[in-house]
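See structure below.
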Amino acid sequence: MSTQGQSIAEANDWMALEPRLVELARAAVEGVKPAVHVLTHADLAAVAETAQKTPAVHVIYGGYRVAESLGIAWRLAHTWYVVAAVRNVAAIGSGQPARLGAGNLLARVTGRLVGQKLEGATTPLQLISPPSAQYRDGFQYIPSAFEVETIFRKPQ
């Protein structure tokens with residue numbers, strides 16, 4: 001849980017944690033039927049909602065804040081969203097089947113990620129307050145949000 005052994009460029013890479021989060025999310029849903037897709041922002045960018053793969057877990061970078069200035073280095077707190085996306089048109093008016101499916105899926109993935117230590121991060125994944133869940137036309141989206149810190153160093 002550090003940047004030891006990494007070059008400054010590797011340690012400073014904002015998106016370096018994404019493949020590690022994707023790997024953890026995939027491990028969390030391994031063997032689930034029907035198969036769960038684990039997708040990133042790049043996978044979703046050009047896909048219309050009605051054409052997206054479900055059930056799915058979306059791993060989305062949510063930005064960062066400067067937690068502390070250390071002169072020529074900064075402690076950055078990054079936010080990552082993990083969103084359970086389920087489509088179920090049974091009882092489309094209430095959305096209850098979609099909510100249940102997304103809720104179960106998110107519990108599984110959140111349980112796997114919370115507290116995990118990632119290479120390149122200086123803190124374990126901490127669960128933080130997420131944005132609101134959304135439901136529309138049979139699609140239920142329920143997010144979890146995580147904060148993790150890294151150190152950004154000014155390149156020499």
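Numbering of residues begins at 1 and proceeds along the displayed sequence.
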Should Leu39 and Val59 count as side-chain neighbours, where that means a heavy-atom distance under 4.5 Å?
-> no
Between atom [atom1] of [X] and atom [atom2] of [Y], what is the distance when rounded to the nearest 0.5 Å?
{"X": "Thr122", "Y": "Ile151", "atom1": "OG1", "atom2": "CD1", "result": "4.5 Å"}
{"X": "Thr150", "Y": "Asn12", "atom1": "OG1", "atom2": "CG", "result": "8.0 Å"}
{"X": "Trp80", "Y": "Tyr64", "atom1": "CH2", "atom2": "OH", "result": "14.0 Å"}
{"X": "Arg87", "Y": "Phe139", "atom1": "CZ", "atom2": "CZ", "result": "4.5 Å"}
{"X": "Leu106", "Y": "Tyr141", "atom1": "CG", "atom2": "OH", "result": "14.5 Å"}

Kindly determine whether Val57 and His37 satisfy side-chain contact (heavy atoms from CB on, under 4.5 Å), including the steps that lead there.
-> CA-CA 6 Å; Val57 172; His37 305 275; over 6 Å; no
Is there a path from Met15 to Phe152 through hydrophobic residues (I, L, V, M, F, W, Y) whose side chains come within less than 4.5 Å of each other?
-> yes
Backbone of Asn104 reached by a side-chain donor or acceptor of Arg108 within 3.5 Å = no
Quick one: side chain to side chain donor-acceptor pair (under 3.5 Å) partners of Tyr61, sequence neighbours excluded?
-> Trp14, His78
Exactly one candidate in Thr123, Thr79, Ile128, Leu76 meets side-chain contact (heavy atoms from CB on, under 4.5 Å) with Val148; the answer is Thr123
Output every pair passing salt bridge (charged side-chain N to carboxylate O under 4.0 Å, His left out) with a member in residues 42-70, not counting sequence neighbours, ordered by first then second residue.
-> Glu49-Arg136, Arg65-Glu147, Glu68-Arg75
Intermediate values then yes/no, side-chain contact (heavy atoms from CB on, under 4.5 Å), Phe146 and Leu127 = CA-CA 5 Å; Phe146 296 90; Leu127 193 61; 3.8 Å; yes
Work out which heavy atom in [X] is nearest to a heavy atom in [Y]; give both atom names and the distance.
{"X": "Ala102", "Y": "Ala84", "result": "O-CB, 3.4 Å"}
{"X": "Val86", "Y": "Pro55", "result": "CG2-CB, 4.3 Å"}
{"X": "Gly62", "Y": "Tyr81", "result": "CA-CE1, 3.5 Å"}
{"X": "Gly115", "Y": "Pro124", "result": "O-CB, 3.4 Å"}
{"X": "Pro143", "Y": "Ala133", "result": "CD-CA, 3.9 Å"}

Show your reasoning for whether side-chain contact (heavy atoms from CB on, under 4.5 Å) applies to Val109 and Val82.
-> CA-CA 8 Å; Val109 176; Val82 177; 3.5 Å; yes
Enumerate donor-acceptor pairs with a distance under 3.5 Å from any side-chain N or O in residues 22-36 to protein atoms, sequence neighbours excluded.
none

Applying side-chain contact (heavy atoms from CB on, under 4.5 Å), run through Leu21 and Leu118 and close with a yes or a no.
-> CA-CA 8 Å; Leu21 291 165; Leu118 304 175; 3.8 Å; yes
